[in-house]
2 protein chains.
Amino acid sequence: MTGYLSPAMLHRNPELREGEGEEAHDPLFVRSVARAMGVLSAFHTTDRPLSLSEIARAAELDRSTTQRIVHTLRKLGYIQRDQYDQGYVPGIRIYDHIFDSMRLNRLIQRAVPYLLDLRSAVNERVDLSLIDDLRLVYTARFQPKSEVIHAMMVGLSVPIYCTSAGWAVLARLPEDRARDIIRRSERVSYTPRTLTDEDAIMERVAQAREQGYIAAAEQLLPGELGIGAAVTDSAGHPIGAVTITSLMSDWTLEEFDHAISPTLMQTVRALSTG
Amino acid sequence: MTGYLSPAMLHRNPELREGEGEEAHDPLFVRSVARAMGVLSAFHTTDRPLSLSEIARAAELDRSTTQRIVHTLRKLGYIQRDQYDQGYVPGIRIYDHIFDSMRLNRLIQRAVPYLLDLRSAVNERVDLSLIDDLRLVYTARFQPKSEVIHAMMVGLSVPIYCTSAGWAVLARLPEDRARDIIRRSERVSYTPRTLTDEDAIMERVAQAREQGYIAAAEQLLPGELGIGAAVTDSAGHPIGAVTITSLMSDWTLEEFDHAISPTLMQTVRALSTG
DNA sequence: TATACTGTATCGGCAGGCGATACAAAAGAA
DNA sequence: TTCTTTTGTATCGCCTGCCGATACAGTATA
């Protein structure tokens, strides 16, 4: 299951398209900044180092502008030449910002010991994700010793509309907001069993609201089972989710649900009353 | 050992100071981009959400410029209001770039299974780091089940001059380059045993060159033991390091060295001949 | 030898970023 | 309460510094 998620991530929110249509000029909007981030985002759709022209094409900029921005980002350490000087790759300075992001996120900081306990208890892969509009962004993965693939998945993102964790999150939102998220999602059938129909999805959401969690089979990857539950802030608004994942070769969905869900609920309850 | 590394990271390279002195104007340098990254870097020195004025102060910009850049970065998702709307924090979009960074780094991709094996074999904390001039940036941490603190340390950085992994890296560089790195480092005594003298450090480096690895005690944290070995590219240049860490309450340095180093060397040899 | 890429450097014009300024609302402080 | 400070937000003319066309040497691929 190495190649499934490559080269880019599974799901991406509709970008803020610069100069989209005749939208009024925003006097506070600094174009160069958006362009710079666009240059960095050029790497989202590749799995190898990029040349200047390739970056320009991906960022929809001319070569001159790209040259200047790449030059600047290189000086700052956000872009570097790849190991064999064959092209540009993201620079190491980005790690500093992820460090900040995690340090300053109370949920992530508090969650670590709980999630390690959870992994030990269930001996399956445990993931923590944060909500970003239409998707869930993975911020931490804790896996059992046996599993060696996909250990590093900080930053992976998955759609809300077709994941157990996503349904659990939708269950904590008002019906109209949930439906809005589903509608705005580009609903892809990742497997034959992926739900893409709004009402079918809302049925699962209803079940998630009733149970507090929800299990799902083969929504993103064939043979994959997942159980997700939402983490909420003190006002009850969802801010993230915890997912436990396993394989259909190890469990039936029902067995998995019965064995895992009580422990999972215990964890998210602890995390939600912060 | 929770608070040691807060709020900012342990070590930071001298930043490229914008407009430093009377340095010739670089016609390719885009000032706004540098300012934007400076705004994001404002969070490096805080452990709580920042107000606009605080960001402006940290980034050495006036409030107007800060306002415009923060506005832009917010629209793009790189900055957001904190959970209680009390200030600004880094946004979730940063995770996308870390994902790219890891995806496109061959070492990280290849290393994961090796490092998991290594952790299982030695049952101690295992870290992979990449070189960034004067420091090592942690990109992955694998820890034994028992340990629950500091699980999430992607992006943490430590100085080269006073860590076992750093010495191992210096051992793979020509003498003058190694000395240059030591000299340019701001050598802080994190503990009473921290080495800050250039020649004393180079002695350890020589030992590292001989052995292929090096052990160290209490260089960064009291009571901490570490063994580090460098990972090199096919040309023999160091690109990163693997560190195994434990506590003086569990081992003497000699025991630790004898028990751990053979397995560590096996791992870095496998990673270096890629 | 062509052809199409690399990465890099230069430069005049004018858009758009700069930063001073202003203001309502909220949070303390007296 | 009243005074003071800080919050986030909005406006606008000046002029700087970004824009992007253009050029060129070096290197693969054919």
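Throughout, protein chains are lettered first and strands after them, A, B, ... in sequence-line order, and every chain is numbered starting at 1.
- Each of C:dC18, D:dT9, C:dT8 was ranked by its minimum atom distance to the side chain of B:S32; first place goes to C:dC18.
- Comparing B:H71 and B:R57, the nucleotide of DNA chain D nearest to each residue sits closer to the 5' end for B:R57.
- Going from atom CG of B:D26 over to atom C1' of C:dT10 covers 13 Å, rounded to whole Å.
- Comparing D:dC18, C:dT6, C:dT8 by their closest approach to the side chain of A:S53 singles out C:dT6.
- Ranking C:dT6, D:dT9, C:dG19 by closeness to the B:D62 side chain, first place goes to C:dG19.
- Residues B:L104 and A:T46 share a closest heavy-atom pair of CD2-O, 4.0 Å.
- Each of D:dC19, C:dT8, C:dT6 was ranked by its minimum atom distance to the side chain of A:R68; first place goes to D:dC19.
- Only one option out of B:D26, B:L28, B:V30 pairs with A:T72 in a side chain to side chain contact (heavy atoms under 4.5 Å, CB included); it is B:V30.
- When each of C:dG7, C:dA9, D:dG8 is scored by its nearest atom to the side-chain atoms of A:Y88, the top-ranked nucleotide is C:dG7.
- Classification of A:D100 and A:R103 as a salt-bridged pair holds, one side-chain N sitting under 4.0 Å from a carboxylate O.
- Ranking D:dG8, D:dG20, C:dT6 by closeness to the A:R35 side chain, first place goes to D:dG20.
- For the pair B:S64 and A:T65, nearest-nucleotide mapping onto DNA chain D gives the more 5' position to B:S64.
- Taking atom CD on B:Q67 and atom P on C:dA20, their separation rounds to 13 Å, with Å as the unit.
- One axis for each end of the helix from C:dT1-D:dA30 to C:dA30-D:dT1, each built from five base pairs, and the angle between them comes to 50° at 10° resolution.
- Judged as a side-chain hydrogen bond (donor to acceptor under 3.5 Å, both in side chains), and not counting sequence neighbours, the contacts of A:D85 are A:R81.
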**Request:** Begin with the C-alpha distance, continue with both residues' side-chain angles, and end with the deciding distance and a verdict on side-chain contact (heavy atoms from CB on, under 4.5 Å) for A:R184 and A:Y161.
**Result:** CA-CA 10 Å; A:R184 280 160 50 225; A:Y161 76 90; over 6 Å; no
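- Among C:dA22, C:dG7, C:dT6, the nucleotide with an atom closest to any side-chain atom of A:R81 is C:dG7.
- Nearer the 5' end of DNA chain C, as judged by each residue's closest nucleotide, is the contact made by A:G87, out of A:G87 and B:P27.
- Here the nucleotide nearest the side chain of A:R31, chosen from C:dT8, C:dG16, C:dC18, is C:dG16.
- Residues forming a side-chain contact (heavy atoms from CB on, under 4.5 Å) with A:R177 (at least two apart in sequence, or on another chain): A:L173, A:P174.
- Taking a cutoff of 4.0 Å between a charged side-chain nitrogen and a carboxylate oxygen, B:D96 and B:R93 qualify as a salt bridge.
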